[in-house]
Colleague: 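Before I ask anything, here is the structure I am working with.
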Amino acid sequence: MGEPTGSAVVVEGLRRSYERKRQEPRVALDGIDLSVAVGEVHGLLGPNGAGKTTLCKILSTVLLPTGGRVEVFGHDVVTDTAAVRRLLGIVFGGERGLYGRLTARQNLRYWSALYRQPRAVGRQRSAALLERVGLADRADERVETFSRGMKQRLHLARGLIGDPKLLVLDEPTIGMDPVAARDFRTLVGELRAEGRTILITTHDMAEAEAVCDRVSLIDGGKLVATENPKTIGDWLSTYERVVAEDVPEDVAVSVRAVPGVRDATRSEGSLVVETDAAGAAGRVVELLVKAGVARISTGKPSLADVYLHVIGDRGSVVR
Amino acid sequence: MITVFGAAVWFQGLQMRRVANLSALVNTPLFTLALVAIMVHSGRSDLAPYAVVGATVIAVWNMAIVESGGIIDADRGQGTLEALISTPAPLALVVLGRTVTVTVISLLSLVESVIVARLVFGVVVDVHHGWLFAVTLVLTAVSMAMTASALAGIFVLSRSARTFQNALSYPFYLLSGAVVPAPLLPEWLQPITKVVFLSWSTDLIRDCLRPGAVPNALTRLAVVAGLGLAAMVAGVWVLRRILERVRTTGAVSFA
């Protein structure tokens, strides 16, 4: 496969609102501009209700925009739907979306036929994909007996069955155990190496950092920023959180004075320390240990925390 | 197109391996017993073969409205409709392949009904016009599949598809001529039966069980096919409208 060039996805001024009875329409996407290069793994990061899934649905032609323009490999999703569908695979998150009474193999062979692949091709691709997502041993068991993580892996295989140039993954690791999530990241790397373009939505910043070439933050239907994964990594280390138990008040006061500590509050007997500078968490831990505090834990910031820091700093509305 | 249609047929066959999906076939012997018993015990054993036809038509219709009619609604309920719409396969073709399978399976009720009538009442169903009988059955099956595709679209427009399905059962037992031959129904109902293809099919099948010429056979076959085709055109139009509507409103995944 040659070096990919150009844009796989072009989104300009995209708007989508939903009519509501006796209420103002709910705006899900409010003038989004986005470009995803051919062969890029692009993350859409945002809290629930940010508009990520709405964007995925519009890209996959199951939802019409109310304004703006979306093209997939040069084909308009509204006027050239058939061409877009031939190029695209979609994986919606969650347990639904598979036929429970059918086996994993039967599911894939059915979807293969819907992508108009000859039977022999469908048979071969189904077997290969089941192997690839680690379900070969369970290929002939009914999907209704699968765990949530197994169903999620089968969703991935279904998304790939049509050999798509663009793969849209909407919260693909929901329900996966850590091992499966790691395997998923490896799989995304392989798909990128094959030259496929991938658009992935997630709440998980660590996942976004691990698999994406670029990440766009969406909030309230607006694109807040497009960053590279290094920035995400910086956020993760910068906004680290420290939680300690049985911290005397004088020590808590000292903690609040540590450079880079943004806030230190009591919550159910614990002291929760928020930092906003690299290395601050380490300094807090050191101080606590020296003061004889034994029960200390550190953690990555949640997406909400990062939004508070990043989007709050930029003056955007934080929900 | 053939790949998609074939896959839809295969898929529906897999879906219908549960007894719950074949309840109409389970009920067929009971309908046969009831209808044939009425004929036999009222001293009109000569009409018993018509009762066999009636029990079959009831089963075919029931499977059409329950199994075929619920196809899209079931996909919407289990969250597969969005993925289905996003494939290159035309939804109408997928639905038609699936309704054809349901209809072909539902025709097993004819075999059931004939066997039950024979074993329990000694009723022999003689077919006097074999070719016409076979052609009528095939055209009826095709028309039923096309009508069921339209129903699948219509039902999905409602959030209470089950109510619609139930409401369409007993009235159509009458309008299809399954229980009472259409010409014997009250005069004001006659025009309605004329637009129900099953009433034409049922009359033709009954005529095939009688010795003597079948009047206007070709015309009547054409009416069966024409009404089925009209239903298919309506079905494709309804499905297109539904797709437009759900893509506009975003209601694709409503269960």
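We name chains A, B, ... by the order of the sequence lines, and we start the count at 1 in each one. When reading the values below, keep in mind they use all heavy atoms of this one structure, side chains included, and skip hydrogens, waters and symmetry mates.
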Colleague: What pairs of residues pass the salt bridge (charged side-chain N to carboxylate O under 4.0 Å, His left out) test when at least one of them lies in residues 165-177 of chain B, not counting sequence neighbours?
Modeller: none
Colleague: Could you tell me which portion of A:Thr54 (side chain, backbone, both or neither) has an atom closer than 4.5 angstrom to a non-hydrogen atom of chain B?
Modeller: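 Contact with chain B is absent: no heavy atom of A:Thr54 under 4.5 Å.
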Colleague: Output the distance between atom OG1 (B:Thr80) and atom CG (A:Asn107), rounded to the nearest 0.5 Å.
Modeller: 9.0 Å
Colleague: Specify which of B:Ile2, B:Thr87, B:Val4, B:Thr3 makes the most heavy-atom pairs with chain A at under 4.5 Å.
Modeller: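 Greatest number of close heavy-atom pairs with chain A: B:Thr87.
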Colleague: Let me know if A:Gln117 has heavy atoms under 4.5 Å from chain B in its side chain, its backbone, both or neither.
Modeller: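 Only the backbone of A:Gln117 comes within 4.5 Å of chain B.
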Colleague: For A:Leu114, which atoms come within 4.5 Å of any heavy atom of chain B: side chain, backbone, both, or neither?
Modeller: both
Colleague: So what's closer than 4.5 Å to chain B heavy atoms on A:Phe92: side chain, backbone, both or neither?
Modeller: side chain
Colleague: Atom CH2 of A:Trp111 and atom CG of B:Leu84: how far apart are they, to the nearest 0.5 Å?
Modeller: 5.0 Å
Colleague: Could you grab the distance from atom OG of B:Ser86 to atom CG of A:Leu59, nearest 0.5 Å is fine?
Modeller: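 B:Ser86 atom OG to A:Leu59 atom CG measures 11.5 Å (nearest 0.5 Å).
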Colleague: Could you have a look at A:Ala113, A:Gly100, A:Gly162 and say which one has the most heavy-atom pairs with chain B under 4.5 angstrom?
Modeller: A:Ala113
Colleague: Quick check: are there more than 12 heavy atoms from other residues, nucleotides or ligands sitting under 6.0 Å from CD of A:Glu131?
Modeller: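 No.
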Colleague: Give me the ring orientation class for A:Tyr99 and B:Phe11: parallel if the planes are under 30° apart, tilted from 30 to 60°, perpendicular past 60°.
Modeller: perpendicular
Colleague: Take atom CD of A:Glu24 as the centre, draw a 6.0 Å sphere, and report whether it contains more than 12 heavy atoms from other residues, nucleotides or ligands.
Modeller: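 Count not over threshold, so no.
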Colleague: So what's closer than 4.5 Å to chain B heavy atoms on A:Ile58: side chain, backbone, both or neither?
Modeller: neither
Colleague: Quick check for you: to the nearest 0.5 Å, what is the distance between B:Arg245 atom CZ and A:Leu64 atom CG?
Modeller: 14.0 Å
Colleague: Does A:Arg148 have more than 12 heavy atoms from other residues, nucleotides or ligands lying within 6.0 Å of its CZ?
Modeller: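 Counting other residues, nucleotides and ligands, CZ of A:Arg148 exceeds 12 neighbours.
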Colleague: For a side-chain contact (heavy atoms from CB on, under 4.5 Å) check, start with the C-alpha distance between A:Arg85 and B:Ile85, then their side-chain angles and the critical distance, and finish with the verdict.
Modeller: CA-CA 9 Å; A:Arg85 288 175 180 169; B:Ile85 290 172; 3.6 Å; yes
Colleague: Please determine, among B:Gly6, B:Ala89, B:Pro90, B:Pro88, the option with the most heavy-atom pairs under 4.5 Å with chain A.
Modeller: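 The residue among B:Gly6, B:Ala89, B:Pro90, B:Pro88 with the greatest pair count is B:Pro88.
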Colleague: Any idea which of A:Arg119, A:Arg86, A:Arg109, A:Arg116 has the most non-hydrogen atom pairs under 4.5 angstrom with chain B?
Modeller: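 Top option by heavy-atom pairs under 4.5 Å: A:Arg116.
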Colleague: If you apply the rule side-chain contact (heavy atoms from CB on, under 4.5 Å), what do you find for A:Leu63 with B:Glu82, and how did you get there?
Modeller: CA-CA 9 Å; A:Leu63 188 65; B:Glu82 284 180 333; over 6 Å; no
Colleague: Among residues 14-33 of chain B, which residues come closer than 4.5 Å to chain A, judged by heavy atom distances?
Modeller: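 Listed by number: B:Leu14, B:Gln15, B:Arg17, B:Arg18, B:Asn21.
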Colleague: Side chain from CB out, backbone as N, CA, C, O: work out which of these in A:Val77 comes under 4.5 Å of a heavy atom of chain B, or both, or neither.
Modeller: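 Backbone only.
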Colleague: Measure distances from A:Tyr18 to the heavy atoms of chain B and classify the residue's part below 4.5 Å as side chain, backbone, both or neither.
Modeller: side chain
